[in-house]
There are 2 protein chains.
Amino acid sequence: MTHRTVSGGARPAPGLPDDAKARVTSPHPECPVEITLAALRGRWTTLLVRELLRHGHRTYTELSAALPRLSAKVLADRLAHLHDAGVVHRTRTPGWPATVTYVLTPRGRELGPVLQALWDWGAARDDGD
Amino acid sequence: MTHRTVSGGARPAPGLPDDAKARVTSPHPECPVEITLAALRGRWTTLLVRELLRHGHRTYTELSAALPRLSAKVLADRLAHLHDAGVVHRTRTPGWPATVTYVLTPRGRELGPVLQALWDWGAARDDGD
DNA sequence: CTGAATCCCTGCCGATACTG
DNA sequence: CAGTATCGGCAGGGATTCAG
């Protein structure tokens, strides 16, 4: 892999001057990188996305069971945050007990490559230098 | 793009059960995703990496000038953090004034694809669904 | 020129208790 | 079952000041 190789192909690396937003001089929330990091912000967030990526859909209870150390408050916080970010879709089942099921939106599923990139970098030993 | 498409090719999405670390049930620092997010943690961090990605090498003063709103303390904090994370290499020029030049390590340059993935997701409008 | 030390303020996260 | 309300601890980040 060469110096400025980018996964997308011909595009330059992020923040290179082919986009107005690439010239921001402070952490502005409109920067695409900031948008993504904001969506993934907070402890447990990536684990929740992973859980939904893996199973496709999960109820509140299933998520709580999968992540036992995650408190109810933070779980609700994260799900609300991911919902606001357009990552998850919420479905209420009116019966009893009234369960709520969470599914990734198409946009949410597109976080797969993002998490993959994060995973790859973190997993790389970089012996090659 | 289909449900579980991953940029890397045959590998499953991050956190899928082909890796022991994919089964973590709490935000453990050994998780590759956590490692990468930890490296990029903190305000201004991605902008600093972008600056080095763009110019190859920058002095403390140049970085400070490029990011005027970034205080000296946080700049030093971030550079120390990126150094500890193995992302940047520090070079002291003994003369006077004693300048310090920062360069991305090979590992640091490999953050290019990561930032690209973050950029792409944040820039996507996702009209396609 | 670099960067460490200090202080303060803010926001995040966790536990607990409570509501539709 | 699925959250909300509240509180307290702790870490992040900014300004200022001091040192190598």
Side-chain angles (χ1 to χ4, degrees), chain A residues 24-29 31 34 37-49 51-52 55 57-85 87-103, chain B residues 24-29 31 34 36-49 51-52 57-85 87-103:
Chain A
V24 294
T25 183
S26 64
H28 198 282
C31 172
E34 294 293 326
L37 290 177
L40 296 178
R41 182 104 52 207
R43 218 180 164 198
W44 301 97
T45 306
T46 57
L47 288 179
L48 277 174
V49 173
E51 207 62 24
L52 291 171
H55 294 101
H57 58 85
R58 294 271 93 175
T59 66
Y60 183 97
T61 305
E62 287 169 333
L63 291 171
S64 188
L67 275 22
R69 319 279 265 177
L70 171 55
S71 76
K73 179 218 174 189
V74 177
L75 175 54
D77 279 356
R78 292 296 171 271
L79 289 171
H81 177 73
L82 289 173
H83 183 259
D84 289 349
V87 170
V88 304
H89 177 71
R90 195 172 0 213
T91 308
R92 294 188 60 88
T93 303
W96 187 266
T99 63
V100 179
T101 302
Y102 292 88
V103 190
Chain B
V24 294
T25 183
S26 63
H28 197 283
C31 171
E34 293 293 326
T36 308
L37 289 177
L40 296 177
R41 181 104 51 207
R43 219 179 162 201
W44 302 97
T45 307
T46 56
L47 289 179
L48 278 174
V49 174
E51 207 62 25
L52 292 171
H57 57 86
R58 293 271 93 174
T59 66
Y60 184 98
T61 305
E62 286 169 334
L63 291 170
S64 187
L67 276 21
R69 319 280 265 178
L70 171 56
S71 75
K73 179 222 177 188
V74 177
L75 175 54
D77 280 357
R78 291 297 170 272
L79 290 171
H81 176 73
L82 289 172
H83 183 260
D84 289 349
V87 170
V88 304
H89 176 72
R90 196 171 3 212
T91 308
R92 295 187 61 89
T93 302
W96 187 266
T99 63
V100 179
T101 302
Y102 291 88
V103 190

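Naming: A, B, ... by sequence-line order, numbering from 1 per chain. Computed from a predicted structure; not experimentally measured.
At a threshold of 4.5 Å between non-hydrogen side-chain atoms, the residues A:Tyr60 and A:Leu79 count as touching.
At least one donor-acceptor pair under 3.5 Å links the side chain of B:Thr25 to the backbone N or O of A:Ala66. With A:His55 contributing its side chain and A:Glu51 its backbone, the two residues share a donor-acceptor pair below 3.5 Å. In this structure, the side chain of B:Arg43 does not engage the main chain of B:Leu70 through any donor-acceptor pair within 3.5 Å. Under a 3.5 Å cut-off, the side chain of A:His28 and the backbone N or O of A:Glu34 do not form any donor-acceptor pair.
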Subject >> Where protein sits on nucleotides 1-14 of chain C, one letter per nucleotide: B base, S sugar-phosphate only, - none, heavy atoms under 4.0 Å >> reply: SSB-BB------BB
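Between B:Leu75 atom CG and D:dT16 atom P there is a gap of 17 Å when expressed in whole angstrom units. Rounded to whole Å, atom C1' of D:dG13 lies 15 Å from atom CG of B:Leu47.
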